[in-house]
Amino acid sequence: MPQNASILLVDDNELIINTIKMSLGGEDYDFLTAFNGREAYEIALKEKPSLIITDVTMPEMDGIELCRKIKTTFETRLIPVIVITAYDALVDKLKAIKSGADEFLSKPFNPLELKIRIRSFLKFKLLLDKLEDVSMVIASLAKAIDARDAYTQGHNQRVSFVALKLADFFNISEATKSEMQEAGILHDIGKIGIPEIILQKPGTFNQNERKIIQTHPIIGEEILKPLKSTVNFRSIIRSHHEKLNGSGYPDSLKGEKIPFPVRIISVSDVFDSLSTNRPYRNAMKLDKSLEIIKEEVEKGFWDSEVFKALEKISAEDEIKILYGF
Ligand SMILES: [Fe+2]
């Protein structure tokens with residue numbers, strides 16, 4: 001049993017909060033409380049509780065929206081969420097499943113059942129924490145790559161940001177978006193295996209250097225292979241330099257063989273590279289970046305629909321501010 005696990009209780013009815021606290025009396029838990037989803041989300045981000053138990057109907061932000069936000073935020077996605085529903089509230093349960101809830105609790109509570117279920121959830125969370133630790137190590141590695149080269153600083157985060165904007169444009173599911181977010185942050189992790197002298201070389205690479213640098217997607221996939229939690233997005237990392245006409249690397253994949261999330265990450269990657277300073281040239285203005293990507297679409301490198309979406313989202317203030325356009 002984890003010591004001093006923290007449980008965030010979310011309900012606009014203080015009576016329910018107190019009932020749960022009383023049911024769990026005698027257990028060594030720290031309780032945090034919030035009276036609506038918005039408040040709970042802020043606490044979850046800051047305190048990273050071991051478990052969240054939330055009501056559905058609340059002012060400002062309801063329990064379903066809270067659960068959706070928790071499960072789609074990188075920092076909070078592994079926190080188990082239990083949603084409290086009325087015994088026969090099937091619609092609420094369906095909504096909660098869609099938003100990623102881990103379990104339901106029906107009112108009225110059976111104190112013994114509550115105790116046992118919460119214990120087992122906290123054990124589960126302990127296992128997840130171990131997984132999360134590993135993925136944090138990987139994220140730190142990604143940051144370390146960023147830090148090796150002042151020119152690419154923030155590249156991974158920006159690629160991830162642009163890719164998610166594009167994913168929203170295409171109404172891509174939350175689950176796939178979350179995989180794309182991780183892939184965006186980790187896509188160049190394999191560069192850790194590339195000598196710095198090549199990575200930072202101003203000017204063009206010779207054939208041998210190009211061969212070496214082109215191994216980074218495979219190295220990246222290999223680094224992540226031992227981690228089960230990366231299974232759904234490792235292929236994005238391996239394929240982020242593939243081109244639709246088959247001229248990319250490492251597998252020279254063509255057309256339909258390149259999944260849509262990969263196409264989005266690739267275009268986001270190229271867009272970020274063009275729009276930021278490099279050792280061999282200054283950042284390009286928005287129009288110039290788009291013009292080059294358009295030419296590459298015509299050459300058969302990139303997906304034209306993704307490019308059209310990029311034209312639209314790059315007109316938004318968030319992107320303009322991010323790149324200083
Ligand atoms: Fe790359």
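Note that the numbering runs from 1 along the sequence shown for the chain. Remember, it's 1-based here, ligands and their atoms both numbered in the order they're listed.
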**Message:** Checking side-chain contact (heavy atoms from CB on, under 4.5 Å) between Pro217 and each of His187, Lys191, His240, which is the one that passes?
**Reply:** His240
**Message:** Let's test this: below 2.8 Å, count the protein N/O/S atoms around the Fe ion (ligand 1).
**Reply:** 4
**Asked** Looking at Phe325, does the NZ or CZ of Lys320 lie under 6.0 angstrom from its six-membered ring centre and within 45 degrees of the ring axis?
**Response**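 Checked: cation-pi criterion not met.
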**Asked** Between His216 and His241, what is the ring plane arrangement, given parallel below 30°, perpendicular above 60°, and tilted in between?
**Response** perpendicular
**Message:** Looking at Glu256, I'd like to know if its CD atom is crowded, meaning that more than 12 non-hydrogen atoms belonging to other residues, nucleotides or ligands lie closer than 6.0 Å.
**Reply:**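 Counting other residues, nucleotides and ligands, CD of Glu256 stays at 12 neighbours or fewer.
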**Asked** salt bridge (Lys or Arg N to Asp or Glu O under 4.0 Å) with Lys165: which residues, sequence neighbours excluded?
**Response**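 Counting only residues at least two positions away or on another chain, Lys165 forms a salt bridge (Lys or Arg N to Asp or Glu O under 4.0 Å) with Glu316, Glu318.
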**Asked** Which atom pair, heavy atoms only, marks the closest approach of Lys177 to Leu164?
**Response** O-CD2, 3.4 Å
